[in-house]
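Encoded as structure tokens, the structure appears first; notes follow it.
The sequence lines fix the lettering, A, B, ..., with proteins before strands; numbering per chain opens at 1.
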Amino acid sequence: YSTFQGRPVWKKHEITYRINNYTPDMKKEDVDYAIQKAFQVWSDVTPLKFRRVHAGEADIMISFANGAHGDFNPFDGKDGILAHAYEPGPGIGGDAHFDEAETWSKNQQGRNLFLVAVHELGHSLGLGHSNDRKAIMYPNYGYLDPNTFHLSSDDIRGIQSLYGGPEKHQPMPNPDRPKPAVCDPNLSFDAVTTLGDKIIFFKDGVFWWKFPETSKTGISSISSLWPTLPSGIQAAYEIEARKQVFLFKDDKYWLLSNLRLQPNYPKSIYSLGFPKYVKKIDGAVFNPLLYKTYFFVNSWYWRYDERNQRMDPGYPRQITKNFPGIGPKIDAVFYFKRNYYFFQGSTQLQYDVMLHRVTKRLRSSNWFGC
Amino acid sequence: ASQAKVISPTEMDEEFAEMYLNHFYGLTETIPMTKMKISRDSLKEKIQEMQKFFGLNVTGQLDTSTLEVMHKPRCGVPDVHH
């Protein structure tokens, strides 16, 4: 890695940014999200916090521009130079400019805005170019996959040589909303699934992981492992034999295989056979004995045949009628040792798949020994 | 680095390379103002600096792989800070 001459850095840990304008290539919310995620990549490994402002001068001003655009570094049209940014400092210092002549995107078409933003924000924070091709600070574009991207050790060494590591407490993906304590009696989960030898519990931008048989737990931010995955995952299930975990949010779903986000995702849930009136999935669970997946939506559920890759006929059916004691609506569900564990608010119901009935009523946070 | 074919660069190649090396490797910054004609030596030296940075064969010549890297989409911040 390298830094700028004189090692300019921001002398404070809370840095503001402002998105001055937008590229017509992407939806505004996709630009906002790509930039937010790009900042989160750096805040996850430093004590820095980034706060967005919508008016006035921010430390880091972000804009899209064509050709000559007011600094002494005109852009050169499509390809060639994609973007540039200035080292920390007043005025234009820290600012990041993106060449509007490129075709910006949130996927691998054209130029991925998230990847280029992570690189330029590295400059905005004081990093120079690295000759390590695996580093995000490598000057040429096209060597990294946005789906599997994570900072290289060279990047982390570089930025931590300027700002140090994150403060001792766990990373807080959203400083305005403190991380919920896992033993809070009112805690409910967004989604739960097994993942190899662990169980993972999603909540907002974080997830807890736990070994079922030991008390060892941990917490991590979704973005630190999977920067392009949104927070607020709503449903998740694992097909252990295939080492696949499917994650759902709104009308999209992603596939993790060996902990890596797979290319060509997200996909639409309608490709699974849901009718258009289904907007999101509350919970999903794979039954390895039947090789079927159950999807729970409001007070109804569907059943998907994983072998034939299609929804079974005769669905949806009502949850309360076919899962006695469960529902009418659920938050999350996962399968473990011949039981489904249904989560409804702060309550968890152990449901024996052979006996077809609830056999235990627990608190949602029961797995954490609260 | 793939085995670079030694070619005789076109005038356009040379112009592009000088522009590239000037923007990213400060080619003209290190040449005394009194001599604005870029000498072969300083050009060769900058080509070597760029080849070393990108892990290419350090030949100081504008071979195919060097030109190929120069034409890749990239960030506009210089690779070296003089």
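- Residues B:H23 and A:N73 are in side-chain contact: their nearest non-hydrogen atoms beyond the backbone lie under 4.5 Å apart.
- Residue contact with chain B, scored on non-hydrogen atoms closer than 4.5 Å, involves the side chain of A:E120 exclusively.
- A:R133 is not listed as a side-chain neighbour of B:F54, based on a closest heavy-atom distance of 4.5 Å or more.
- With rounding to the nearest 0.5 Å, the separation of NZ in B:K72 from CG in A:L82 is 12.0 Å.
- In this structure, the portion of A:Y143 lying under 4.5 Å from any heavy atom of chain B is its side chain and not its backbone.
- Enclosure of atom CD in A:E29 by more than 12 non-hydrogen atoms of other residues, nucleotides or ligands within 6.0 angstrom is indicated.
- Scanning both residues, A:S130 and B:F53, for their nearest heavy atoms gives O-CZ, 3.5 Å.
- The distance from atom CE of A:M137 to atom SG of B:C75, rounded to the nearest 0.5 Å, is 6.5 Å.
- Remark: B:K44 NZ is loosely packed, at most 12 non-hydrogen atoms of other residues, nucleotides or ligands lying under 6.0 Å away.
- The local environment of NZ in A:K28 is sparse, with at most 12 non-hydrogen atoms from other residues, nucleotides or ligands closer than 6.0 Å.
- Only the side chain of A:Y138 has a heavy atom closer than 4.5 Å to any heavy atom of chain B.
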Stepwise side chain to side chain contact (heavy atoms under 4.5 Å, CB included) check, B:R74 with A:H129: CA-CA 11 Å; B:R74 60 160 292 156; A:H129 282 152; 3.4 Å; yes

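- Rounding to the nearest 0.5 Å gives a distance of 7.5 Å between CE of B:M19 and CG of A:D76.
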Evaluate the side chain to side chain contact (heavy atoms under 4.5 Å, CB included) criterion for residues A:I81 and B:F24: first the C-alpha distance (whole Å), next the side-chain angles of each, then the deciding distance (0.1 Å), finally the verdict. CA-CA 11 Å; A:I81 292 175; B:F24 298 111; 3.8 Å; yes

